[in-house]
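Heads up: the structure comes next, in structure tokens.
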Amino acid sequence: MCGIIGIVGKKNYYKELKDLLSNISYRGYDSCGISIVGKDGFSVTKVIGHPENLPEEIDTGDSTIGFGHDRWASHGGITEANAHPHVSNDGKICVVHNGIIENYLELKKSLIEKGFTFYSETDTEVIPNLIQYWYEKTLNIEKTLNIVFDELKGAYAFVLSHLDYKDTLFLARLGSPLCIGMYDNMFYISSDIPSLPHFVKNTVVLENNRYAILQANKTVIIKNFAGVPSDFTTEELSSIQVEYSKGEYKYFLEKEIFEQPEYIRTTLLGRVSESNNFIKLGGIDSNLFKILKTDEFIFTGCGSAFYASQIGAYAMESIAKIKSKAISAGELQYYDFIANDKTTLVCVTQSGETADTIGCINNFKAKGAFTLGIVNVVSSTISRLVDCGIYIRSGKEASVASTKSVVNQILNMIIMAGLLSSKGTSKKEETESLINELCSLSYKVEKILLLSDKIKTIFSNFKDCESMLIIGRDKLEPIAKEYALKIKEISYIHAEGYSGSELKHGPLALINPSRPTIALVENNVLGIKMIANIKEVTSRGGVVIGVFEEGCSEEMISTADYSIIIPSNKNKILNSITFLIVGQLISMHLADMRGCHVDRPINLCKSVTIE
Ligand code: F6R
């Protein structure tokens, strides 16, 4: 969604500020702006579109404090007036803000009655004006903030500068992330840890209901919303803080798809060992006893992470034999669910910041459930909220469409199911066989990636099609849905994922030559059923591209008009990953051939921090 960045304690920082804004733009943007805090006031520059549209150069003079914002419109259209920063009526307070002020209409009305004028349609603009209103009464910024925190309702993070405190930057957090990077007596502020400059190795992640006071060459001061000083920890940033570029690839998406074998191996390191025949997950180790008492697992997430959750539930039930289901987080948080201290909620998320998923954690905790995160971004909100969790080790994912993270989410949930089963019902040979299969997975993925050109050639025939249908069975049903999501998301072709079994209950009516069907066919009994589905489509004039698991017979393969054959897995749950890779390549090639914004699809953003 929106992104906040800032620098405290550095001269001539404009270029760096602009780069920080570009770095964080992967989280979403449609307009942006910066504020330079100078001796004579704020110099605010706003533009529509990407931060690269900001001026090449801006003279920052003596200023040592600057901050900026990428906006992803929620309240009000994409206009310069609505872009941040926003300045108070008296021109003395400047604010950038992420999240939502839920009671802004009420506050705005009351401020208008007091004589304030509003120049944008945003909820944000109430913040500087409310601060102005109270500051005129208290003449003390901290006392003012303590009052304002009480008045603002919603989930937010904001950065604020006041001209009476020119050498100071104030940061506040309630629900929306914000962190402070420390480097050489300077501070770098970001609402996204992976977007901090790569040379920053230490960070303080602001907790909820806290504000920070930053001055160059001074230590960080953090207080709670009532103004009481609060303890905080400085965390060391791990290897995720490396400079991130596309390298030889055309898109981040391509890089992220092609580096999957490496990240699969990274995830297995120290967790799954073939030579020592063990599965170990440090993140949940000390809670294993509690987790093993689980009566029911509920897996949740949004979008691709929800489809990954469905595979997680499938793996938990089929491997560990523990009752499991998956419900999308947006629905689950308003669902009248049954949970108790024997329920484990598994939250699946790349960013660790998805608002709906966070909502579920709070609700389940209230009913006494245990909460577990399957998270990529270290120190993200969800990783802090859950009782324990597993970091999926996907590294930075810059493309809006999630690829390597979805694969590692699924992989880690399969490993978790394998671990629980090894402590419970499974036979030693079953665990051994799963371990062997997990250890050979990255090589199979490498082989699938070699099919990229072939996939591009096949789909060049369909790049202008009006719609696509993707069918799969069993664990490949959510994978079919994930294909459809990715195709829609980045190539803008309408696509639907279905269970093959549902075909004749409706979707078959859509079959015609301009609406191709992708059929996901495993080498098992359900694969045979998929062949019947393929015939249903071709006999009605439809075109079928079959993705076949090696081992499917020639006769099966010949039912499709085009075929893509991928390595097989003895443990069929791993087909969820191998088939998924093909879908990533299909959507990337379609998007590329159609000239779409592959890394930054329109209307979408990387991290959905509002409901
Ligand atoms: C699609 C995609 C989204 C995310 C969803 C959840 O390619 O990336 O559907 O999976 O927005 O995001 P996280 O995983 O950050 O909770």
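Both counts, for ligands and for their atoms, begin at 1 and track the order of listing. Everything numeric here is computed off the predicted structure, so don't read it as measured data.
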Sub-3.5 Å N/O-N/O distance, T357 and ligand 1: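 No.
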
Just wondering, are more than 12 heavy atoms of other shown residues or ligands nearer than 6.0 Å to [atom1] in [X]?
| X | atom1 | result |
| --- | --- | --- |
| E502 | CD | yes |
| K323 | NZ | no |
| K280 | NZ | no |

Have a look at ligand 1 and work out which part of [X], if any, has a heavy atom under 4.0 Å from it: side chain, backbone, both or neither.
| X | answer |
| --- | --- |
| K486 | side chain |
| L485 | side chain |
| T354 | side chain |

Pairs meeting criterion side-chain hydrogen bond (donor to acceptor under 3.5 Å, both in side chains) with involvement of residues 476-486, two or more places apart: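 Qualifying pairs, neighbours excluded: S304-E482, S304-K486, E477-K481, E482-K486.
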
Tell me which protein heavy atom sits closest to [atom], plus the residue, atom name and distance to 0.1 Å.
| atom | answer |
| --- | --- |
| atom 14 (O) of ligand 1 | Q350 N, 2.6 Å |
| atom 8 (O) of ligand 1 | S402 CB, 3.1 Å |
| atom 11 (O) of ligand 1 | V608 CG2, 4.2 Å |

With L372, the side chain to side chain contact (heavy atoms under 4.5 Å, CB included) member among V348, I284, I361: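 Considering V348, I284, I361, a side chain to side chain contact (heavy atoms under 4.5 Å, CB included) with L372 is found only for I284.
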
Heavy atom of N376, distance to ligand 1 below 4.0 Å: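 Contact absent.
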
Any C302 heavy atom less than 4.0 Å from ligand 1: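 The answer is yes: ligand 1 sits under 4.0 Å from a heavy atom of C302.
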
Side-chain ion pair, E207 and R384, N-O less than 4.0 Å: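 Looking at E207 and R384, the cut-off is met.
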
Ion pair E437/K444, N-O distance below 4.0 Å: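 Result for this pair is yes, salt bridge flagged.
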
Close-contact set for ligand 1 against A401 heavy atoms, below 4.0 Å: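 Selected atoms, number and element: 7 (O).
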
Contact atoms of ligand 1, heavy-atom distance to G303 under 4.0 Å: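 In order of number, 9 (O).
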
Residues in side chain to side chain contact (heavy atoms under 4.5 Å, CB included) contact with S176, at least two apart in sequence or another chain: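 Side chain to side chain contact (heavy atoms under 4.5 Å, CB included) check on S176 returns N98, A157.
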
Option set S399, S304, P601, S351, criterion heavy-atom distance to atom 1 (C) of ligand 1, minimum: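 The option holding the nearest heavy atom is S304.
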
